[in-house]
Amino acid sequence: GEDVEQSLFLSVREGDSSVINCTYTDSSSTYLYWYKQEPGAGLQLLTYIFSNMDMKQDQRLTVLLNKKDKHLSLRIADTQTGDSAIYFCAASRGANNLFFGTGTRLTVIP
Amino acid sequence: EAQVTQNPRYLITVTGKKLTVTCSQNMNHEYMSWYRQDPGLGLRQIYYSMNVEVTDKGDVPEGYKVSRKEKRNFPLILESPSPNQTSLYFCASTLKGPREDEQFFGPGTRLTVL
């Protein structure tokens, strides 16, 4: 079955760039997503990318997709303390489901 | 305000005592889903519903039931809770399906089964 893997923790200094990585196994996943979970809250969609794209940029966020290696990354430029959260990578599985990774806890050090 | 609500937010119960976690959305979404979040395991889908009276199993359905009698409500039922169902539960909804449409998540229900 589908497997989506992420490292569990990442710490960066305020103002630096953060790069959160994700690998997935199902090459038929047509959509790939990044969700953000702030403390005590549900998940919120940050951005997504179609599998026929290599890159998507949205303000401070840049998503890179290497479809050959099934590798997805999220770069956050000029990371702020408000970016501290858990970031989930997710891959579409058919039309009806998403498969989520384990989440990466980003800690921004002032 | 467009939202997904869950109740209760926190629940401590004992093994075997039936419970229901309610989920309601006010966005006229067709698709609704339940997930559980456990440390190191991320989010795993329990059940989902494509529309009224249409439900299907996710990845971890054992020990859970759902119903979808109305479009706005999608309760999660634990007939005989066990300690391994201690978890953080999220309800989510999307307009048609989670692939093309954004999933909106509820605030979560933290369940402890003693």
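Each chain gets a letter, A, B and so on, in the order the sequences are listed, and its residues count up from 1.
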Where does [X] contact chain A at under 4.5 Å (heavy atoms): side chain, backbone, both or neither?
X        : result
B:Pro98  : both
B:Leu43  : both
B:Asp59  : side chain
B:Phe104 : neither

For [X], which atoms come within 4.5 Å of any heavy atom of chain B: side chain, backbone, both, or neither?
X       : result
A:Tyr48 : neither
A:Gln37 : side chain
A:Ser29 : neither

Is there a continuous path of hydrophobic side-chain contacts, each under 4.5 Å between heavy atoms, that joins [X] to [Y]?
X        : Y       : result
A:Val12  : A:Val63 : yes
B:Leu76  : B:Tyr35 : no
A:Phe100 : B:Trp34 : no
A:Leu10  : A:Leu64 : no
A:Phe9   : A:Val19 : no

Would you give the length of the straight line joining atom [atom1] of [X] to atom [atom2] of [Y], rounded to the nearest 0.5 angstrom?
X        : Y       : atom1 : atom2 : value
B:Asp101 : A:Tyr31 : CG    : OH    : 9.0 Å
A:Ile86  : B:Gln37 : CD1   : CD    : 6.0 Å
B:Phe105 : A:Tyr35 : CZ    : OH    : 5.5 Å
B:Phe90  : A:Leu43 : CZ    : CG    : 6.0 Å
A:Leu98  : B:Ser33 : CG    : OG    : 8.5 Å

- Message: Ignoring hydrogens and geometry beyond distance, is a side-chain donor-acceptor pair present between A:Gln44 and B:Glu102 at under 3.5 Å?
- Response: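 Per modelled atom types, A:Gln44 and B:Glu102 side chains form no pair under 3.5 Å.
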- Item | Heavy-atom donor-acceptor pair, A:Tyr33 side chain to B:Arg99 backbone, under 3.5 Å |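 Pair found, side chain donor or acceptor close to backbone of B:Arg99.
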- Sidechain-backbone polar pair: B:Tyr31 side chain, A:Asn96 backbone, donor-acceptor under 3.5 Å: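 Such a contact is found between B:Tyr31 side chain and A:Asn96 backbone.
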- Item | Minimum side-chain heavy-atom gap B:Gln103-A:Leu45 below 4.5 Å |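 They are not in side-chain contact.
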- Query: CD1 of B:Ile12: more than 12 outside heavy atoms within 6.0 angstrom?
  - Reply: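 No, CD1 of B:Ile12 has 12 or fewer neighbouring heavy atoms, counting only those of other groups under 6.0 Å.
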- Message: Just checking B:Glu53: does its CD atom have more than 12 heavy atoms from other residues, nucleotides or ligands closer to it than 6.0 angstrom?
- Response: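 More than 12 heavy atoms, drawn from other residues, nucleotides or ligands, come within 6.0 Å of this atom.
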- So which of B:Gln6, B:Met50, B:Arg9, B:Arg44 has the largest heavy-atom pair count under 4.5 angstrom toward chain A?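 The residue among B:Gln6, B:Met50, B:Arg9, B:Arg44 with the greatest pair count is B:Met50.
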